[in-house]
Amino acid sequence: MAYWLVKSEPFKYSWDQFEKDKKTFWDGVRNYAARNNLKAMKKGEQVLYYHSNEGVEVVGIAEVVKEFYQDPTTTEEAWVVVDLKPVKKLKNPVPLSAIKAEPRLANMALVKLSRLSVQPVTEQEWKVILELAGEK
DNA sequence: GCCAACGTTGGC
DNA sequence: GCCAACGTTGGC
């Protein structure tokens, strides 16, 4: 079972909107590395939901409900989406500054590859994030 | 709004 | 296939 992290700009698609919708397809990925991660997602896997630009923090947990398929917003075959549903909002959102301050998270893709919009999260990292979020 | 980091494009 | 130029992302 793998873990993931997706980024969204709250202006464009916030966690609150996501909760209202109950489900969304994750579109707009136009980067091969991110695309490959989308393709690697399996149904039932858990995904951290991160707000970039504003907030700059992990705000919630989502789950993959449908594995990748052709991005309906483009006819270019290279691009895919997955369906996600909200699982829960974190008690305490985890800001990037806290992630950077946590030695156990020093190697997170979020820190090292800050521009990648869909990235894998290790099980250890997942646990630490939830711990910082006050979930347990 | 600035700028660093990094991915992509295109000329050779 | 290399690499400079350019565009975009995202933290601050």
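A note on names: the letters A, B, ... follow the listed sequences, proteins ahead of strands, and every chain is numbered from 1. These values consider heavy atoms only, across backbone and side chains, with no hydrogens, waters or symmetry-generated copies. The shown structure was predicted, so the numbers you read here are calculated from the model rather than taken from an experiment.
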Nearest 0.5 Å, what's the CE-CG distance between A/Met41 and A/Leu84?
6.5 Å
Side chain to side chain donor-acceptor pair (under 3.5 Å) with A/Glu63: which residues, sequence neighbours excluded?
none
Please list each protein N or O that sits under 3.5 Å from an N or O in nucleotides 3-6 of chain C, with the distance.
none

Any side-chain hydrogen bond (donor to acceptor under 3.5 Å, both in side chains) pairs touching residues 94-106 of chain A, not counting sequence neighbours?
A/Glu102-A/Arg104, A/Arg104-A/Glu131
Clusters formed by hydrophobic residues whose side-chain heavy atoms approach within less than 4.5 Å: which one holds A/Tyr69, and what are its other members?
A/Phe25, A/Val81
All ring pair (Phe, Tyr, Trp, His ring centres under 6.0 Å) counterparts of A/Tyr49, not counting sequence neighbours:
A/Trp15, A/Phe18, A/Trp26, A/His51
For A/Leu113, the hydrophobic cluster (side chain heavy atoms closer than 4.5 Å, chained through members) also holds A/Leu116
Any salt bridge (charged side-chain N to carboxylate O under 4.0 Å, His left out) pairs touching residues 49-62 of chain A, not counting sequence neighbours?
none
May I ask you to list the residues of residues 28-36 of chain A, by number, that have any heavy atom positioned under 4.0 Å from an atom of DNA chain B?
A/Asn31, A/Tyr32
Scan residues 73-81 of chain A against DNA chain B and write down, sorted by residue number, each residue with any heavy atom closer than 4.0 Å; if none is found, say none.
none
Residue set satisfying side chain to side chain donor-acceptor pair (under 3.5 Å) with A/Thr74, at least two apart, ordered chain then number -> none
Partners meeting salt bridge (Lys or Arg N to Asp or Glu O under 4.0 Å) with A/Lys66 (sequence neighbours left out)
none
Could you pull out the protein-nucleic contacts involving nucleotides 10-12 of chain C (nitrogen or oxygen on both sides, under 3.5 Å)?
from: C/dG10; atom 1: OP1; to: A/Lys7; atom 2: NZ; distance (Å): 3.3
from: C/dG10; atom 1: OP1; to: A/Arg115; atom 2: O; distance (Å): 3.3
from: C/dG11; atom 1: OP1; to: A/Tyr50; atom 2: OH; distance (Å): 2.7
from: C/dG11; atom 1: OP2; to: A/Asn53; atom 2: N; distance (Å): 3.1
from: C/dC12; atom 1: OP1; to: A/Lys100; atom 2: NZ; distance (Å): 2.9

